[in-house]
Amino acid sequence: MIKLLQPPAVEVAQRLLVKPSHEPEYYQWVHIENTIVRGVSSGTLEQLAEFRRSLPGSELIFLLPAGEVALRTVAVTDAERKLYRQMLPYAMEEGLIEPTEDLHFAFKQVAAGAMGVALVRRKTFQALLDEVRAAGLSIDIVMPETLLLPWSEQKQTWTLQGDQLLARTGPCRGFVAPLDSAEHVAGLPDADGHAPVLLVVEQGSDGERAAAAVAAAGHDTEVQQVEQMLAWEASVLPDEPFNMLQGDFQPPLRWRQYWRDWKPVAVACLAALLLNYVVLLYHYSSVKHTAEELRAEKQALA
């Protein structure tokens, strides 16, 4: 039903990619205009809200830190896919430490017969949304930072930001670990030691040490150094992000944006209706006049 109410194609020209900074109550954000990265800024949420007011109609994408999200991939049949929202939380219950009612589950099909699941504590997720909304902001997409990284069966992507190693090792799989344990983590089965790795390193990080640890675990490693990690992440933002705003957290429809998209069509339809109405009135008046003339001729003949 919701899809029927949405315009056929909504192209967002302005995007803001946001993630928490290392400093408390500070955030980093990058402005993306038509897939072009314009620059990275940082500040409080109030400063972000002021910046966003200069970009009406922009889309706000919030990156949830990898340490807050657990990722799973669950096999489902065609019959189960129709009820996956009700079924999967309970099917996964045995492998979870916390009760399912305390967790928020977000889903996305990642392959034929496989469903990707992202889990976060409901209190943590709600606190994030409340904090952002208190600053006068509305979030359009919340996605795990891990699933922002490019991945394919031929190459994984790992990033080093400060002393944190973040890796995506599957369609809906990855890990975050301190650099001190990089060699141990890189050798775990989940890291898939046979896959080549693109290691993206932010300037100022110990890239040589991380590359050596990844290579020692059996990965062919290619190192790419970037000036600002968030700007690089914005450049690889997927066309269809994994949006965790689902279920109880699904935002209301953005009617103002939809009205802006539909307004030219509505005006054209209204103009066509008015023109059709005027034409009908003209024809009705013409037919009425002709009928009166025929009536007068009948009376004259009589």
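As the structure is a prediction and not an experimental result, all values here were calculated from the model. Atoms considered below: every heavy atom in the structure, side chains included; atoms not considered: hydrogens, waters and symmetry mates.
- Enclosure of atom CD in Q86 by more than 12 non-hydrogen atoms of other residues, nucleotides or ligands within 6.0 angstrom is indicated.
- In this structure, F175 has its ring center under 6.0 Å from that of W158.
- Here the closest heavy-atom approach between residue G247 and residue R85 is recorded as N-NH1, 4.4 Å.
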Worked check of side chain to side chain contact (heavy atoms under 4.5 Å, CB included) between L149 and V236: CA-CA 7 Å; L149 307 181; V236 297; 5.8 Å; no
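- Judged by distance alone, the side chain of Q126 and the main-chain N or O of K123 form no donor-acceptor pair under 3.5 Å.
- Within the 3.5 Å criterion, the main-chain N or O of L48 finds no donor-acceptor partner in the side chain of R52.
- Considering only heavy atoms from C-beta on, S41 comes within 4.5 Å of W29 through its side chain.
- Taking 4.5 Å as the limit, some side-chain heavy atom of P171 sits within range of a side-chain heavy atom of W151.
- A donor-acceptor pair under 3.5 Å is formed between the side chain of N243 and the backbone N or O of D140.
- For the pair E25/T44, no side-chain contact is recorded, criterion being any heavy-atom separation below 4.5 Å from C-beta on.
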Stepwise, does the side chain to side chain contact (heavy atoms under 4.5 Å, CB included) test hold for I139 with V18? CA-CA 10 Å; I139 300 182; V18 185; over 6 Å; no
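- Across every non-hydrogen atom of S235 and V37, the tightest pair is N-CG2, 4.0 Å.
- Between Q228 and V40, some side-chain heavy-atom pair lies under the 4.5 Å cut-off.
- Using a cutoff of 4.0 Å between basic side-chain nitrogens and carboxylate oxygens, E101 and R122 are not scored as salt-bridged.
- Closest of all the heavy-atom pairs between V223 and A211 is CG2-CB, 3.7 Å.
- Heavy-atom neighbours of E46 CD from other residues, nucleotides or ligands within 6.0 Å: above the threshold of 12.
- Under the 3.5 Å distance criterion, the side-chain polar atoms of S205 are left unmatched by any main-chain donor or acceptor of G207.
- Within the 3.5 Å criterion, the main-chain N or O of M229 finds a donor-acceptor partner in the side chain of E202.
- Remark: side-chain polar atoms of R121 are not paired, donor with acceptor, to backbone N or O of L103 under 3.5 angstrom.
- Exactly one of V201, L198, L199 qualifies for a side-chain contact (heavy atoms from CB on, under 4.5 Å) with Q224. That residue is L198.
- The backbone N or O of A135 lies less than 3.5 Å from no partner atom in the side chain of R133, so there is not a single donor-acceptor pair.
- Between L160 and D206, the shortest heavy-atom contact is CD2-O, 3.4 Å.
- Between L147 and C172, the shortest heavy-atom contact is CD2-CA, 3.9 Å.
- Side-chain contact between V197 and D220: absent, with no pair of heavy atoms (C-beta onward) separated by less than 4.5 Å.
- In this structure, OG1 on T146 lies 10.0 Å from CG on L63, to the nearest 0.5 angstrom.
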Name each donor-acceptor pair under 3.5 Å that joins a side chain in residues 106-118 to protein atoms two or more places apart or in another chain, with its distance.
| unit_1 | atom_1 | unit_2 | atom_2 | d |
| --- | --- | --- | --- | --- |
| K108 | NZ | E240 | O | 2.5 |
| Q109 | NE2 | A111 | O | 3.4 |

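- You'll find the side chain of Q14 reaches within 4.5 Å of the side chain of H31, heavy atoms only.
- In this structure, D239 and R15 approach most closely via the heavy-atom pair O-NH2, 4.3 Å.
- Ring orientation note: the planes of F125 and H104 are close to parallel, at an angle under 30° on the 30°/60° scale.
- The backbone N or O of H219 lies less than 3.5 Å from a partner atom in the side chain of T221, making a donor-acceptor pair.
- Listed for the T157 side chain is a donor-acceptor partner under 3.5 Å among the backbone atoms of P150.
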